[in-house]
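Have a look at the structure below, then the notes.
Chain identifiers are assigned alphabetically (A, B, ...) following the order of the sequence lines, protein sequences preceding nucleic acid strands; residue numbering begins at 1 within each chain.
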Amino acid sequence: MEQPAAPLPNDFIRDIIDEDLKTGKNLGRVATRFPPEPNGYIHIGHAKSVCLNFGLAGQYRGTCNLRMDDTDPLGESMEFVESIIRDVRWLGFDWGDRLFYASDYFEKLYAFAVELIKKGDAYVCDLNADEMREHRGTFTEPGKASPYRNRSIDENLDLFARMRRGEFADGSRTLRAKIDMGSANIVMRDPVLYRIKREPHYRTGNAWVIYPMYDFAHCLSDALEGITHSICTLEFENNRPLYDWIVARLIEKDRPRQIEFARLNLSYTVLSKRRLIELVQKKYVSGWDDPRMPTVTGMRRRGYTPEAIRQFCQAIGVAKNDNLIDVALLEHCVREDLNEKAPRAMCVLRPLKIILDDYPEGKVEQIQCANHPQRPDMGTRRVPFSRELYIEQDDFLEDPPKKYNRLAPGREVRLRNAYIIKFERLVKDEQSGRIIEIHCSHDPATKDGPPADGRKVQGVIHWVSARHAVTAEVRIYDRLFRIADPGSEEDFLKDLNPDSLEELAGCQAEESLRDSAPGSRYQFERLGYFCVDEKDTKPGKPVFNRIVPLRDSWAKISDKK
RNA sequence: UGGGGAAUCGUUCAAUGGUAGGACAGCGGACUCUGACUCCGUCAAUCAAGGUUCGAAUCCUUGUUCCCCAGCCA
């Protein structure tokens, strides 16, 4: 379904591309890439980048490559590669046959490094990490030249070859760019290009003991793939001069250009890889796919749709301002999408027994219910109705406040899709005072329409037939953190929301929900959108995840009191 | 008192010298067999001070605030 789409304002990246196209740069070609490091699961922040890069390629009839930026074997694995592939594909994007790995370029990158040495632009340095730090200087003081800075090209060539052969210990030597130890930009103070690291790589195994650094590998990988616009986040802005320095020396033509945009921050959650890992490892969540996680896999399990996520990524825009996007916008996008396509159903989360004294025992009516009030094309289903029902505990109050329009002593209420019922009496447990059941009567003339006498019934509540209901578990999720910007706190764990998960075991769902397919989504009327959990659902024993609640203006009214 | 970036409604994105606009959030109302959806209305911003100009969010000057950089991570 392609929307004709109101003309969206250009962002600064599209402005740049339009200008490039106008001036004939890159012969009108637009080539981007999404370059994750396969050392973790991708999250909603990556989704912004995915949508941007693939979106640009789509809009300008260009290409977007998926490239694993796997130059540091520590922590990288095929498991993460597979998860990234699955997640990007699920988000709705296609890279054709252009799945690449920086590790496939290791031989070429090595050759580039040799070329740089030959030009006199790189040297092997024997300083260890501590010494190098000392030589680097500070923000206000220039660095000092390494004593190894002026080795001969031949010696550098020899040493670099021996680094590759494994003749030196880890960390004992590096290959460095020969730039400017006095640069005000610390990135340019002879940055390390290669390090020695005896760490098996998940793809190249033990073939290499030296690995290229990001700054060296990334720009050259871009060039090797013919990337025109290399889009990354703001923290790489300082690295751009190095990107350009390397490319200028090693790439003849069609040099890629790096453009930086502000990464996404989302309120009430964290998006830094380090913090996400901590949540998983310390078991504050059940895993990367915990439905509370902002990971793509977590959101998928929660029941978010790719369409909603894409819409969100478009709605937030692209700029260079630091931002903290209100999670309410994400939830809005999810509701907007699901309102359109989720079939309606009824489920009682906290059951309260209702007995219709004037309804024949043993009688069962099959009530035709619309699957979507605005979309007749989604059809109807039959929902059994009988003498004993469950309603939501919240939908009855012995002593209701003002504006409460549900069931209460002396009142009438409409059962959704069924009769108007009237309160008669209530039965309490004598010891605890807890309400056990409520007896009501029904108005048989109101099944398919308003009461003949024209009286108004203020409230509509949902219900299920007690005999026919299927017992379900429902998991209610709330924001993971109780402050808007937990990422700004060093000890972010202290702000975890202790009530981010509520598991409700005895929920009563309408019969039609008994064998709903894992992954399918419904609107439980008056409650919210729910998704059949793919992991824990067993045949006949559904587990539902609450994706997002419906907007609840009653909650706002009652909270104010 | 190093360098690189960014400052526009509560949040976010736009306005590219010519009416400060959209979305989300908020508030009020209409409709309603979902207190949903939908619809209508409404609140609300140019970091500050100077300057240029008929006219400045936009150009200039000075200042302020915030973010990033001293990994052999990306």
Only Watson-Crick and G-U wobble pairs with both distances less than 3.5 Å should count. Give RNA chain B in dot-bracket notation, marking inter-strand partners with |. .((((((..((((....[..)))).(((((.......)))))....(((((..]....))))))))))).....

Is the charged tip of R335(A) near the ring of Y529(A): under 6.0 Å from the six-membered ring centre and within 45° of its axis? no

For atom P, what is the distance between A30(B) and U12(B), given to the nearest Å? 34 Å

Residue set satisfying side chain to side chain contact (heavy atoms under 4.5 Å, CB included) with P200(A), at least two apart, ordered chain then number -> N206(A)

Under the ring pair (Phe, Tyr, Trp, His ring centres under 6.0 Å) rule, collect the residues that match up with H462(A), sequence neighbours excluded. none

Quick check on the 6.0 Å ring-centre criterion: do F112(A) and Y105(A) meet it? no

Pick base, sugar-phosphate or nothing for K273(A), based on heavy-atom distances below 4.0 Å to the nucleic acid. nothing

Using the six-membered ring wherever Trp is involved, compare the ring planes of H201(A) and Y211(A) and label them parallel, tilted or perpendicular (cut-offs 30° and 60°). parallel

Check every strand shown and say whether F236(A) touches a base, only sugar-phosphate, or nothing at a heavy-atom separation below 4.0 Å. base

What is the distance, rounded to the nearest whole Å, between atom CG of L242(A) and atom P of A74(B)? 13 Å

Stacked cation flag R151(A) on Y123(A), 6.0 angstrom / 45 deg: no

For Y522(A) and E510(A), test the side chains for any donor-to-acceptor distance below 3.5 angstrom and give the result as yes or no. no

With sequence neighbours excluded, what pairs up with R551(A) under the side-chain hydrogen bond (donor to acceptor under 3.5 Å, both in side chains) test? none

Which value, in whole Å, describes the distance between the P atoms of nucleotides U1(B) and U65(B)? 10 Å

Think R416(A) forms a cation-pi with W463(A), using NZ or CZ under 6.0 Å from the six-ring centre and within 45 degrees of its axis? no

Should the pair F524(A) and F530(A) be assigned to parallel (<30°), tilted (30 to 60°) or perpendicular (>60°) ring geometry? parallel

Check every strand shown and say whether M132(A) touches a base, only sugar-phosphate, or nothing at a heavy-atom separation below 4.0 Å. base

I'd like to compare against my own output: the B/S/- annotation of nucleotides 4-20 of chain B with a strict under-4.0 Å heavy-atom distance to protein. SSSS---SSSS-B----

Using the C1' atom as the reference point in each nucleotide, state the distance between G10(B) and A44(B) in Å, no decimals. 8 Å

Residues passing the side chain to side chain contact (heavy atoms under 4.5 Å, CB included) test with R479(A), sequence neighbours excluded, are Y268(A), V327(A), N497(A)

Select from L329(A) and D126(A) the residue whose nearest nucleotide in RNA chain B is closer to the 5' end of that strand. L329(A)

Compare the ring of F139(A) with the six-membered ring in the base of C69(B) and state whether they stack (centres under 5.5 Å, planes under 30°). yes

Between CD1 on residue I547(A) and CE on residue M299(A), distance to nearest 0.5 Å: 12.5 Å

Here the residues of residues 161-182 of chain A within 4.0 Å heavy-atom distance, strictly under, of RNA chain B are G171(A), T174(A)

Parallel, tilted or perpendicular for F481(A) and F492(A), by the 30°/60° rule? tilted

Examine G71(B): is either OP1 or OP2 under 4.0 Å from a nitrogen or oxygen in the side chain of R136(A)? Give yes or no. yes

Whole-Å distance between C72(B) P and E131(A) CD? 13 Å

Mind checking L193(A) for me? I need base, sugar-phosphate or nothing, with any heavy atom below 4.0 Å counting as a touch. nothing

Are F80(A) and Y202(A) an aromatic pair by the rule of ring centers under 6.0 Å? no

Quick one: which residue pairs count as a ring-ring contact (aromatic ring centres under 6.0 Å, His included) with a foot in residues 329-348 of chain A, not counting sequence neighbours? none

Nearest whole angstrom, please: distance from the P of C69(B) to the CG of N185(A). 12 Å

Enumerate the residue pairs fulfilling salt bridge (Lys or Arg N to Asp or Glu O under 4.0 Å) with a member in residues 314-325 of chain A, sequence neighbours excluded, ordered by first and then second residue. E237(A)-K320(A), E260(A)-K320(A)

Ignoring backbone atoms, establish whether T71(A) has a side-chain N or O less than 4.0 Å from OP1 or OP2 of A74(B). yes

With a 3.5 Å distance limit and no angle check, can you tell me whether N39(A) reaches the backbone of S77(A) through a side-chain donor-acceptor pair? no

If the condition is side-chain hydrogen bond (donor to acceptor under 3.5 Å, both in side chains), which residues does E489(A) pass it with, not counting sequence neighbours? K494(A)

Near-parallel close stack of Y214(A) and A74(B) base (under 5.5 Å, under 30°): no

Its glycosidic angle compared against 90° from 0, G71(B) adopts the form syn

Just by protein heavy atoms under 4.0 Å, how would nucleotides 31-44 of chain B read 5' to 3' in B, S and -? --BBBBB-------

How close or far is atom C1' of C72(B) from atom CH2 of W208(A), stated in whole angstroms? 17 Å

Nucleic acid contacts - residues 32-42 of chain A versus RNA chain B, non-hydrogen atoms under 4.0 Å: E37(A)

Pairwise P distance, G22(B) and C39(B) [rounded to whole Å]: 15 Å

Looking only at side-chain atoms of V192(A), point me to the closest of C27(B), C72(B), C69(B). C72(B)

Output the rounded distance in Å from CZ (R263(A)) to C1' (C68(B)). 11 Å

